[in-house]
Amino acid sequence: KALGAEHPDVALSLNNLAHLYQTQGRYADAEPLYKRSLAIWEKALGAEHPDVALSLNNLAVLYQNQGRTAEALERIRQASAILRRRLVAVADSRSAGAGGEIGTKKFTFHIHLGVIAARMGEDPSLRAMLTAESVEIGQLHHDGSIGAALAQMAARYAAGSGPLAELVRQRQDMLKAWQKADADLVATAGKPPAERQPTAEQTLRERVHTLGQQLDAIDRRLNQEFPAYAELTLPEPVALDRLQRLIHPEEAMLVFAVGKGKEAKKSYVWLIRPGSASVRELPFNQEALLPRVDTLRAALDPERNGAMSPFPVTEAYSLYRDLIGPEAAGLEGVKTLFIVADGALERLPFSVLVTEPPSVGAVVNYQKVAWLVRRWAPVTLPTVASLRALRSVAAASKADKPFIGFGNPNFTLPSSAPGATKPATKPARGTEKATVALTRSLIADANELRSALVPLPETADELRTIAGVLRAKPDSLYLGTRASVPVVRTTNLAAYRVVAFATHALVGGELRGIAEPAIALTPPRQSSPDDDGLLRASQVAQLKFDADWVLLSACNTAAGSDQEAGTPGLSGLAKTFFYAGARAMLVSHWSVLSDTTVLLTTGMLREWQSHPELGRAEALRRSEMALLDNPPNPQYSHPMAWAPFVVAGEGGIGLR
């Protein structure tokens, strides 16, 4: 009565009442209310508004609960199409509302996957077509959490010069105009009837539509003229047939989409090969998966388990059986396994999964365990689409210098500074969970950063050893105060085939207020916008590499999202290295042991130099097996010692 029958708030009440009826099983009562709310939202806010997608999503769930899978699929496709376009539109938005909106999108994509699975079960003849559809929706589900890291990176590009910066600035200006018009439309349509202005509403609706078309045109230009930037910042999925053309006959890709939240009770896994593809529903979600992953991680973290307590091989086999076991038959002839993880699985090095039931006794002989890495060489990819970008630049490096390394940064506090005494250096290369004072421009306080980080003198010896293996000159090492952000940013890194950073790494969210992951280098005497001691992902993206390898011999450089901050780990750091020109990265899942790190990295590089046609992941696999099977110290057969590193990026069979 107060707002009128066609007010958006009335639509919300109708939607909620319909949801109540649906929960009670009163489907016949729920359906007309959902349809009525849908009609109101479409009229008031336009057919492309996220509230319209929400209503379509709810209708799809209702139909699925009734077994009306064909109708459910039609509605959820409409919802996903709206949100897919919206996802691109807000991909580099820094507004507070954008993050929550994207979270809603991710849940809709999860619903879409569930409807596809139900439709497949009802009509198996549709399996091939629906599998291809699910591959794209799964990518949207996986890439749904576009964090502030990519927004910061896009802002840095816009501050530069050249055609790309100009086009990015145009997009950002257009995006701001679109967001304002969209917010004005919602506010105008939400007024009481006496204050409504139909002409103004229609004008705003048309403006939102026009600006959206202009944004689409800019995005098409970015895709055509600057595909690497578009790949990095715009969440567009790769079609199945194109993805299959990127995969070698002796390679396969496993993609996971983990359900998150109480209502998302299932997860999904895809197996993709050049001539085949399958999708399987997993009967557990993040809540059920997290403790299983934590059980394995607890036995692998040197900071939590310095004594190398027994590794739970039985649980490692159980997890393999649930995650990959049914796909094993389809992996015949595969040597390299690309893995796109999600959720809790981002924290898991798949090499430590066990492919056969282990013999359980008082003492486990780790050399007799059927580790996954004995069968396949795993490669980590931050996203499915990253393979497309990587393989577009897969030719061997043309750099004429073998190696450059940055390590052992100077984290020593000035003697006059408070708390100048530092804790003893740890045998594991670990970072402390740092809360460092930040300025309004998100610059870290240099002295507080020094206080938070332990010196790493052993990294100097590691880099010297690698330089010796690669026959690099002594001046290729940048140690101590020379390992700084300004030096990295002003060095011609494109001249080197292998680039190494041996220091601490900070996952996004570890420093309060900084969403980006970063590499810690020597802090300056006084922090500035250009140098506060942290080489952020957004700065990495503006470097130029021509590197076969970038080695991040630091802790947690393969870590997934910080659970509290919700910001990207590998996807925020590795993607920027890929964009800058790195073909592959060596990253770690936990604080590495310095002595075994030297053995693993040097062994891997020797294999790579001797047999480049085998691929980078195979080079790492052979180095790991050498340490596992012939350890100089018996403890090194424990996976904590040989399994911290993974190859991220182009780790496949040779170079094509």
Can you measure from [atom1] ([X]) to [atom2] ([Y]) and round to the nearest 0.5 angstrom?
{"X": "Trp376", "Y": "Leu254", "atom1": "CH2", "atom2": "CG", "result": "8.0 Å"}
{"X": "Leu456", "Y": "Asp461", "atom1": "CG", "atom2": "CG", "result": "12.0 Å"}
{"X": "Leu331", "Y": "Glu251", "atom1": "CG", "atom2": "CD", "result": "12.5 Å"}
{"X": "Glu315", "Y": "Asp294", "atom1": "CD", "atom2": "CG", "result": "11.0 Å"}
{"X": "Glu332", "Y": "Arg273", "atom1": "CD", "atom2": "CZ", "result": "8.5 Å"}
{"X": "Leu319", "Y": "Thr314", "atom1": "CG", "atom2": "OG1", "result": "12.5 Å"}

Using a 3.5 Å distance criterion without hydrogens, assess whether the side chain of [X] forms a donor-acceptor pair with backbone atoms of [Y].
{"X": "Asn285", "Y": "Ala288", "answer": "yes"}
{"X": "Glu462", "Y": "Glu458", "answer": "no"}
{"X": "Ser134", "Y": "Leu113", "answer": "no"}
{"X": "Ser610", "Y": "Glu607", "answer": "no"}
{"X": "Ser623", "Y": "Leu600", "answer": "yes"}
{"X": "Thr459", "Y": "Asn408", "answer": "yes"}
{"X": "Thr522", "Y": "Ala483", "answer": "yes"}
{"X": "Lys260", "Y": "Val258", "answer": "yes"}
{"X": "His248", "Y": "Glu250", "answer": "yes"}
{"X": "Ser267", "Y": "Phe284", "answer": "yes"}

Discussion item. Is there a salt bridge (Lys or Arg N to Asp or Glu O under 4.0 Å) between Asp546 and Arg497? Walk through the geometry before answering.
Written reply: CA-CA 6 Å; Asp546 186 15; Arg497 294 189 295 274; over 6 Å; no
Does some side-chain heavy atom of [Y] sit less than 4.5 Å from a side-chain heavy atom of [X]?
{"X": "Arg347", "Y": "Arg297", "answer": "yes"}
{"X": "Leu381", "Y": "Met253", "answer": "yes"}
{"X": "Val487", "Y": "Thr481", "answer": "no"}
{"X": "Tyr366", "Y": "Trp642", "answer": "no"}
{"X": "Pro632", "Y": "Leu599", "answer": "yes"}
{"X": "Val373", "Y": "Glu624", "answer": "yes"}
{"X": "Arg622", "Y": "Met604", "answer": "no"}
{"X": "Leu372", "Y": "Tyr320", "answer": "yes"}

Practice prompt. Could you name each residue pair satisfying ring pair (Phe, Tyr, Trp, His ring centres under 6.0 Å) that touches residues 448-482, not counting sequence neighbours?
Written response: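 Every pair satisfying ring pair (Phe, Tyr, Trp, His ring centres under 6.0 Å) with a residue in residues 448-482: Phe406-Tyr478.
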Discussion item. Would Val340 and Phe256 count as a side-chain contact (heavy atoms from CB on, under 4.5 Å) here? Give the steps.
Written reply: CA-CA 6 Å; Val340 183; Phe256 294 90; over 6 Å; no
Worksheet item: When you look at Val488 and Leu521, which way does the side-chain contact (heavy atoms from CB on, under 4.5 Å) test go after all the steps?
Response: CA-CA 9 Å; Val488 171; Leu521 295 171; 3.8 Å; yes
Worksheet entry | Worked check of side-chain contact (heavy atoms from CB on, under 4.5 Å) between Leu282 and Val269 | CA-CA 7 Å; Leu282 303 174; Val269 58; 3.9 Å; yes
Item to complete: Before giving the answer on side-chain contact (heavy atoms from CB on, under 4.5 Å), spell out for Leu586 and Thr601 the whole-Å C-alpha distance, their side-chain angles and the decisive distance to 0.1 Å.
Response: CA-CA 9 Å; Leu586 187 72; Thr601 55; 3.7 Å; yes
Item to complete: Could you check Arg621 against Glu618 for salt bridge (Lys or Arg N to Asp or Glu O under 4.0 Å), going step by step and ending with a plain yes or no?
Response: CA-CA 5 Å; Arg621 192 192 75 83; Glu618 177 63 18; 2.9 Å; yes
How close do [X] and [Y] get, heavy atom to heavy atom, and via which atoms?
{"X": "Gln286", "Y": "Ala344", "result": "OE1-N, 2.8 Å"}
{"X": "Gln367", "Y": "Asp629", "result": "NE2-O, 3.3 Å"}
{"X": "Arg280", "Y": "Ile324", "result": "NH2-N, 4.0 Å"}
{"X": "Leu470", "Y": "Gln609", "result": "CD2-NE2, 3.6 Å"}
{"X": "Leu387", "Y": "Ile247", "result": "CD2-CG1, 4.1 Å"}
{"X": "Arg374", "Y": "Val369", "result": "NE-O, 3.6 Å"}

Item to complete: Kindly check if the number of other-residue, nucleotide or ligand heavy atoms within 6.0 Å of CD (Glu287) is above 12?
Response: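 At most 12 heavy atoms, drawn from other residues, nucleotides or ligands, come within 6.0 Å of this atom.
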Worksheet entry | Aromatic ring proximity Phe311/Trp371, centre distance under 6.0 Å |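 Judged by ring-centre distance (under 6.0 Å), Phe311 and Trp371 do meet the cut-off.
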Worksheet item: Looking at Tyr268 versus His141, is the centre-to-centre ring distance below 6.0 Å?
Response: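 No.
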Discussion item. For Thr596, give me all partners under side chain to side chain contact (heavy atoms under 4.5 Å, CB included), at least two apart in sequence or on another chain.
Written reply: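 Here the qualifying residues are Leu593, Leu627, Tyr636, Ala641.
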Item to complete: Establish, from distance only, whether the side-chain atoms of Arg292 and Thr295 form a donor-acceptor pair under 3.5 Å.
Response: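 On atom types as modelled, these side chains do not qualify, holding no pair under 3.5 Å.
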